Amino acid sequence: MHQFTIAELTQGLRRKDFSSTELTQHYLDRIARLDNTYNSYITVTPELALAQAAAADKRLAAGDAPALCGIPIAHKDIFCTTGVRTSCASKMLDNFIAPYNATIVENYLAAGVVMLGKTNMDEFAMGSSNETSYYGPVKNPWATDCVPGGSSGGSAAAVAAHLAPGATASDTGGSIRQPAALCGLTGIKPTYGRVSRWGMIAFASSLDQAGTLTRTAEDAALMMNDLASFDPKDSTCVERDVPDYTADLNNPLTGLKIGVPKEYFGEGLNPQTAAHVEAAIKVYEKLGATIHSISLPHTHLAVPAYYVIAPAECSANLSRFDGVRYGYRCENPKDLADLYKRSRAEGFGDEVKRRILVGSYALSAGYYDAYYSKAQKVRRLIKQDFVDAFTQVDVILGPTSPSPAFAFGSKTKDPVAMYLEDIYTIATNLAGLPGLSIPCGMVDNKPVGLQLIGDYFAEARLLNVAHQFQQSTDFHQQTAPGIE
Ligand code: GLN
């Protein structure tokens, strides 16, 4: 059953080839048998999953179940789940049982989707390799000596190892698309405001957005149908109808204008990765698209601007973890100041502390104008580059990340090398645009991702463009060694 895509599983459930209970049990057995190799889950919830599956089976038997009813998925451990530990992969929240569900968790519950458990990630979603998790690193199913990408590495490894047919994830600067690329998956980060952030533990609120990791674009479209919603509890959520994201999947691409930014093919890009992206461009030409060379002139400023804005927002967001209200509290504090200091010093990992320090510095009086205000101005210029580009083209295409999965420890000593992993994905978050990654080839037996960026709220178009590629290629059907 684990070979099937979500689309195929929905058919199988309706044909009664298997029940949701059987399907859920099958995935739980696989997780129990295989996940000690990958470490993709922080928490597995078998009892809850089987109860939800039994309820889904009843709805399926009644005949009017929603599309994804009975499909088991995993949630990134950044989304609050009632009664289940929500750790954000931090010692700080190791003991935190959320008292409510994130809106997206609630949306999937309402649709009869079953939760298998919560996936591993970089601590507070800060990282590109999943090496900063309090629960240990996640291994890439394609090469277990390599990282799965981050921060949604647990969700990516779980789907790539067929320990879930799909998973939720979050993307602040690339955390869905880069792990999708490194694990050979389809990952979509929707437009900022398309999906509720309520109950998603905040890292950088103006950049964070929830999305999905699946094997195909069709599955991503199915998952998007329940993920996207208007939520009055999130003031940045946009009140706008949710289309059926599967409706346009089969539209032909004749006349589609694809922009290829010259800045995405410069120094630092692995030449074999570049060759696969070039080959993907040829596929699109055959499908009837026209290719246009474009320029996004402020691309080189995206990583520096992000590493002022994201830490600045994180330093404010993470101030709530003070040892008083919830989460980790140090032992025997001398006084209140000692309680704050030691709870935070002992509860947060190094990368999180680095971000809080950088962010507090950038926001401090005297430096605010030089760093934070400047970064916001740069952000505006980056957004304008995209707005100008989308007057000429429908979709922007390039690599997702500069190279395939790298070995554990190879970038941990050099934060800047790690930060450059997101050089092609970060600008999308700064501009608030939707982006998607699909597999487009292999380098040294490891997958390579193709990134597609769309105009605001053009998710249906992006999924159509991705689906058509997957109808003409089989990269998305390849599975990691040992994963039958
Ligand atoms: N790798 C980037 C960072 O560490 C992006 C993380 C993310 O998208 N959550 O900030």
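Whatever order the structure lists them in is the order used to number ligands and atoms, beginning at 1. For clarity, every value in this text was computed on a predicted model and none was experimentally measured.
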Task: ligand 1 to Met126 polar contact by distance, N or O atoms, under 3.5 Å - done: no
- [ ] On the 0 to 90° scale, with breaks at 30° and 60°, tag the Phe321-Phe124 ring pair as parallel, tilted or perpendicular.
- [x] tilted
Open item on the list: Suppose we measure from atom 5 (C) of ligand 1 to each protein heavy atom; which comes out shortest, and what is that distance?
Closed with: Tyr306 OH, 3.3 Å
TODO: Using a strict cut-off of 4.0 Å, indicate which atoms of ligand 1 neighbour a heavy atom of Ala125.
DONE: 6 (C), 7 (C), 9 (N)
Task: Side chain, backbone, both or neither: the part of Tyr419 lying under 4.0 Å from ligand 1 by heavy atom - done: neither
Task: Option with minimal heavy-atom separation from atom 2 (C) of ligand 1, where the choices are Asp171, Asp422, Asn429 - done: Asp422
- [ ] Specify side chain, backbone, both or neither for Ser175, according to which of its non-hydrogen atoms lie closer than 4.0 Å to ligand 1.
- [x] both
TODO: Give me the one residue out of Ile42, Thr119, Asn120, Val147 that meets side chain to side chain contact (heavy atoms under 4.5 Å, CB included) with Val138.
DONE: Asn120
Task: Polar contact flag, side-chain donor to acceptor under 3.5 angstrom, Thr214-Asp219 - done: no
Task: Numbering as shown, the atoms of ligand 1 that approach Ser151 to under 4.0 Å (heavy-atom distance) - done: 9 (N)
Task: Check: Thr168 side chain, Lys76 main-chain N or O, donor-acceptor pair, under 3.5 Å - done: yes
Open item on the list: If we count only N and O atoms by modelled type, under 3.5 Å, do the side chains of Gln209 and Asp171 hold a donor and an acceptor together?
Closed with: no
Open item on the list: So, regarding Gly150 and ligand 1 (criterion: nitrogen or oxygen to nitrogen or oxygen, under 3.5 Å), is there a contact or not?
Closed with: no
Task: Protein residue, atom and distance nearest to atom 3 (C) of ligand 1, heavy-atom basis - done: Tyr307 OH, 3.2 Å
Task: Ser205-Asn317 side chain donor-acceptor pair, cut-off 3.5 Å - done: yes
Task: Heavy-atom pair of closest approach, residues Asp208 and Arg197 - done: O-CD, 3.2 Å
Task: Ion pair Asp77/Lys118, N-O distance below 4.0 Å - done: yes
Task: Arg355, portion touching ligand 1 at heavy-atom distance under 4.0 Å - done: side chain
Open item on the list: For the 3.5 Å polar cut-off, considering only N or O atoms, please tell me whether Gly174 and ligand 1 meet it.
Closed with: yes
Open item on the list: Below 4.0 Å, non-hydrogen atoms only: which portion of Phe124 touches ligand 1? Side chain, backbone, both or neither.
Closed with: neither
